[in-house]
Asks: 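Got a structure here, written out as structure tokens. Questions coming.
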Amino acid sequence: MPATNGTFRGACPHDCPDTCAWTVTVTDGRATAVTADHDHPFTAGGLCAKVNHFLDDRVYHPARLLMPMRRTGPKGSGAFTPVSWDTALDDIASRLRRIVDEHGGEAVLPYSYMGTQGLVQGNAVSDPFFARLGATRLVRAVCGSAGLTGEALTMGAGPGLLPEELEHSRLIVLWGTNTVSTNLHLWPFIRRARENGAHVVVIDPMRTRTADAADWHVRPIPGTDAALALGLMHVIVAEDLHDAEYVANHTVGFEELQGRLGDYPPERVAEITGVPSDEIVRLARAYATTRPAAIRVLVGMEHRSHGAATYRAIACLPALVGAWRDRGGGLAHMTFQLFGDLDWACGVGVPDDPDLREVNMVQVGRALTSLEPPVRALVVYNSNPAAIAPEQNLVLQGLARDDLFTVVLEHVLTDTARFADYVLPATTQVEHFDVLWSWGQTYLTWNEPAIEPVGDALSNAEIFRRLGARLGLTGPAFTATDADLAEAAIAPLGPDRVAQLKRVGWLRMDTEDDRLPYAHGGFATPSGRVEFFNAGLADAGLDPLPGYVPAHEGPQGDEQLRTRYPLSLITAKSAHRFLNSGYVWVERNRRAEGEPQLDIHPDDAGPRGIVDGDQVSVVNDRGELRLTARVGERVRPGLVAVPSGWWASTSPSGSGANALTADGTSDLGGGGDFHDTLVDVRKVS
Ligand SMILES: Nc1nc2c(c(=O)[nH]1)N[C@H]1C(S)=C(S)[C@@H](COP(=O)(O)OP(=O)(O)OC[C@H]3O[C@@H](n4cnc5c(=O)[nH]c(N)nc54)[C@H](O)[C@@H]3O)O[C@H]1N2
Ligand SMILES: Nc1nc2c(c(=O)[nH]1)N[C@H]1C(S)=C(S)[C@@H](COP(=O)(O)OP(=O)(O)OC[C@H]3O[C@@H](n4cnc5c(=O)[nH]c(N)nc54)[C@H](O)[C@@H]3O)O[C@H]1N2
Ligand SMILES: [Mo]
């Protein structure tokens, strides 16, 4: 029970690499300030444009859901009436029970992602809940999984270079990541490296804020980065700039790789990537001759049909030049591996039944409209599929089904929640217990409730507990309190580290050794080396070497498709003030972003008779957006861009960017391929 006055330790819960530590000030039972922790080395006393107003924009925002609500109008209309928790939960439990009895557990589909990254309010109780029901299993692969899979096949699944270590680099290649917008707290580390003479290269088809801030912006044709990596390797080996000793001692398949590199001379790579051959040569030389040299990747680049292959090719580079020898050299990606000591299931996990059917979250539109036997109940929490999932029109069509029973746990009435039969008000981070890991830095954070729940809100964990009790589900997940779950998650750290975590609010998870993880090899691959040649892939009948394959729906893909839809579309997280689809409800943020526009290059606008400020229609077989064109060099020729995040209901044409995006999966790892989307653009006369 929080005190009515005081300060409380906590952490930003959002799906973001930064996971900031904060302090909540409470006066007379009301949270009055959320302040960034000054001592936390990564947060360093600053939050971000989205979270600076966490209290006004989420906790106490007028749009905050305060009561359970039952739908009274047609799906999507937003007509609801408040009901008591007992009424809502009794009815939900009996409807779920009937569906399970009549159609089996697999008729129920959970849908969640990382709306909160906390272990307790994430999946601690919901996972056992759905496992006990025998529900369809959700493959939560939309973010990270494709890239990590490609990387793991090459260098194993370690955290590699820690992002904080970029401070020690002299060449920093930000490859397909928009650090200034998406990973803001990493920027000071890069800035300090620059003050010590480091050069920053951005490789991105779009001119992002990060590209503007860099020393060198390389602009490949989207989806061709594997070819670019192979071209760099070609030059490095041809000019004898590779680290022969490191290669001999810590890699396998160099000879086979050399054979493959023969296919990727700079002239050919220039044709594939659109990057001039002399620029490829210059970049290869800079990368191979500057020490320490770091490559930083994150997520945007993996959302492609060959996303895993791209990360596999890029992960070869640091070994080839021996970048792992140096502090600040290597490949930086994610850091969650450092949190392996935690009990991620908060002490109450139950085993998954591998025989139950699976649905990939990227394909929820298909699942709701054509899966057999059909999904009859959908329970959404920590996610907003109506905005963030590709094939948006299919998703909305599925959510509109009258024979689908939908429950949404949320803070505000999102586009997804509008389609619910019941909307349940969830607590926010300042109202509940949690433990926060990080995928972009090295600190664990402890989050205490600072205030009583606002309105009638209950925590996710409590909602699933109460539903579980009504459905007769048994086991510790349904009896442990949120505090018990949080304690169980950190218990494996041992009493000293637990005490330190609670005292300080955060705890560093890495050890000194991690700072030079592979200076002497020791990769977590079957051979213990970087696998230029991967025998497992060969056994599986796949390409054992890094390679470039054009996307079917890409600028070098299916010819018919390209003729009809000649422009590539990227829908990245370029809206600075949104967190995925979060904070879109805040009018001030929407105003500051300006309405979503279509970025188009003059070479593509000209022939279409489009000038800056024209209304345009962006189309493909999946949907249409009507937007204002912004003609300029933010995109390279052949590419158009629309920011993601915007909800259909807050977009000028009633559709969000995902109305156009593809819902295929990546080559490996089950990620989405939504950046491999082709469109055409027409002026609306
Ligand atoms: N402000 C803000 N911050 C966020 C988020 C947010 O919504 N808003 N979301 C958070 C989440 S969930 C994530 S996963 C991270 C993502 O962090 P990032 O990966 O940095 O961000 P994205 O916008 O997904 O993609 C980064 C860049 O990839 C580029 N890209 C796309 N395709 C290609 C390609 O084929 N080649 C190359 N070289 N580049 C390509 C895009 O143009 C884009 O600029 O950000 C997190 N931080
Ligand atoms: N076109 C396009 N699509 C994309 C992407 C892209 O770059 N372009 N990025 C993809 C990526 S990388 C990701 S990670 C996904 C993100 O997909 P989502 O995780 O679905 O994205 P969010 O918009 O952050 O939705 C999280 C929701 O959880 C709610 N929430 C937050 N905390 C709590 C809580 O404690 N309890 C409950 N019940 N709800 C809570 C928030 O209010 C919010 O509505 O989107 C993917 N989709
Ligand atoms: Mo993400």
Side-chain angles (χ1 to χ4, degrees), residues 13-18 48-50 58 111-118 121-122 142-144 147 174-179 181-184 202-211 218-225 228 296-304 307 310 361-362 380-385 387-390 392 408-412 414-417 424-429 431-432 434 439-440 457 459-460 463 551 554 568-585 635 639 641-645 647 656-658 660-661 671-672 674-677:
H14 292 320
D15 186 0
C16 169
D18 296 6
C48 68
K50 308 169 288 295
R58 190 174 288 265
Y111 197 91
S112 78
Y113 202 59
M114 297 214 295
T116 169
Q117 253 183 238
Q121 310 306 342
V142 74
C143 181
L174 301 172
W175 202 326
T177 178
N178 183 7
T179 313
S181 285
T182 62
N183 190 185
L184 181 67
V202 164
I203 305 181
D204 196 314
M206 285 180 63
R207 208 188 77 203
T208 58
R209 285 185 168 83
T210 313
V218 179
R219 304 184 82 165
I221 292 170
T224 64
D225 301 80
L228 181 58
R296 163 64 167 166
V297 293
L298 209 56
V299 172
M301 192 170 45
E302 74 171 39
H303 289 134
R304 299 192 165 276
T310 300
M361 64 180 296
V362 170
V380 181
Y381 57 101
N382 297 340
S383 184
N384 183 10
I388 62 86
Q392 186 168 86
V408 176
L409 286 61
E410 253 299 352
H411 294 153
V412 296
T414 59
D415 274 11
T416 307
L424 304 179
T427 47
T428 70
Q429 189 76 344
E431 298 149 61
H432 57 225
D434 226 323
W439 47 278
S459 74
N460 288 348
I463 295 171
S568 299
L569 171 72
I570 289 184
T571 52
K573 299 167 185 74
S574 40
H576 210 58
R577 291 165 194 81
F578 302 156
L579 191 282
N580 298 320
S581 74
Y583 299 102
V584 173
W585 59 83
V635 286
L639 172 66
V642 179
S644 68
W647 302 356
N658 275 321
L660 295 166
T661 52
F674 42 81
H675 288 330
D676 281 328
T677 287

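Whatever order the structure lists them in is the order used to number ligands and atoms, beginning at 1.
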Asks: Taking the non-hydrogen atoms of Thr427, is any one of them nearer than 4.0 angstrom to ligand 2?
Replies: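 Within the 4.0 Å threshold, so yes.
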Asks: Nearest non-hydrogen contact with atom 37 (C) of ligand 1 belongs to which option: Ala49, Pro205, Gly582?
Replies: Pro205
Asks: So for ligand 1, is Ala572 a polar contact partner (N or O within less than 3.5 Å, distance only)?
Replies: no
Asks: Could you work out, for atom 43 (C) of ligand 1, the closest of Asp204, Thr571, Val297, Asn178 by heavy-atom distance?
Replies: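 Residue with the shortest heavy-atom distance to the ligand atom: Asp204.
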Asks: Is the shortest distance from a heavy atom of Gln121 to ligand 2 less than 4.0 Å?
Replies: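 It does not; every heavy atom stays at 4.0 Å or beyond.
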Asks: For ligand 1, indicate whether the residue Cys48 contacts it via side chain, backbone, both or neither (heavy-atom separation under 4.0 Å).
Replies: neither
Asks: For the residue pair Trp585 and Trp647, does the interplanar ring angle fall in the parallel (under 30°), tilted (30 to 60°) or perpendicular (over 60°) class?
Replies: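 Tilted.
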Asks: Hey, is Ser181 touching ligand 1 through its side chain, its backbone, both or neither, going by heavy atoms under 4.0 Å?
Replies: backbone
Asks: Can you tell which part of Ala426 has a heavy atom less than 4.0 Å from ligand 2: side chain, backbone, both or neither?
Replies: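 The answer is the side chain.
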Asks: Applying a 4.0 Å heavy-atom criterion (strictly less than), which segment of Val299 is in contact with ligand 1: side chain, backbone, both, or neither?
Replies: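 It is both parts that get close, each with some atom under 4.0 Å.
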Asks: Taking non-hydrogen atoms only, is Tyr583 closer than 4.0 angstrom to ligand 1 via side chain, backbone, both or neither?
Replies: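 The answer is neither; Tyr583 stays 4.0 Å or more away.
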Asks: What do you reckon, does Arg58 put a non-hydrogen atom under 4.0 Å from ligand 2?
Replies: yes
Asks: For ligand 2, which is the ligand I care about here, please tell me if Trp585 has any N or O atom under 3.5 Å from one of the ligand's N or O atoms.
Replies: no
Asks: Using heavy atoms and a 4.0 Å limit, tell me yes or no: is His303 in contact with ligand 2?
Replies: yes
Asks: Nearest protein heavy-atom contact for atom 24 (O) of ligand 2: which residue, which atom, what distance?
Replies: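 Going by distance alone, atom 24 (O) of ligand 2 is nearest to Asn580 CB, 3.4 Å.
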Asks: To the nearest 0.1 Å, how far is atom 8 (N) of ligand 1 from its closest protein heavy atom, and which atom is that?
Replies: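 Answer for atom 8 (N) of ligand 1: Phe578 O, 2.7 Å.
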Asks: Determine, considering heavy atoms only, which of Asn384, Asp415, Ile388 sits nearest to atom 46 (C) of ligand 2.
Replies: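 Nearest heavy atom to atom 46 (C) of ligand 2 lies in Ile388.
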Asks: Is there a polar contact, in the sense of an N or O pair closer than 3.5 Å, between Val142 and ligand 2?
Replies: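 By distance alone, the answer is no.
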Asks: Any idea which protein heavy atom is nearest atom 32 (N) of ligand 1, and the distance to it?
Replies: Arg304 NH2, 3.0 Å
Asks: Among protein heavy atoms, which lies nearest atom 22 (P) of ligand 1, and at what distance?
Replies: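 Of the protein heavy atoms, Gly300 CA, 3.8 Å lies nearest.
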Asks: What protein heavy atom sits nearest atom 31 (C) of ligand 1, and how far away is it?
Replies: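 I find the closest protein heavy atom is Ile570 CD1, 3.6 Å.
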Asks: Between Ile221, Thr224, Asp225, which one has a non-hydrogen atom sitting closest to atom 36 (N) of ligand 1?
Replies: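 Considering heavy atoms of Ile221, Thr224, Asp225, the nearest to atom 36 (N) of ligand 1 sits in Asp225.
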Asks: Mind checking whether Trp175 contacts ligand 1 via backbone (N, CA, C, O), side chain (CB onward), both or neither, at a 4.0 Å heavy-atom cut-off?
Replies: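 Within the 4.0 Å criterion, Trp175 contacts ligand 1 through side-chain atoms alone.
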Asks: Quick test: of every protein heavy atom, which one is nearest to atom 21 (O) of ligand 1, and how far off is it to 0.1 Å?
Replies: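 Among all protein heavy atoms, the one nearest atom 21 (O) of ligand 1 is Thr182 CG2, 3.5 Å.
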Asks: Examine the proximity of ligand 1 to His576 and report which part, side chain or backbone, both or neither, has a heavy atom under 4.0 Å away.
Replies: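 His576 to ligand 1: backbone contact only, side chain stays beyond 4.0 Å.
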Asks: If you have a sec, work out which protein heavy atom is nearest atom 23 (O) of ligand 1 and how many Å separate them, to one decimal?
Replies: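 Going by distance alone, atom 23 (O) of ligand 1 is nearest to Lys573 N, 2.9 Å.
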Asks: Should one rank His432, His411, Glu410 by closest heavy-atom distance to atom 29 (C) of ligand 2, which comes out on top?
Replies: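 Closest candidate by heavy-atom distance is Glu410.
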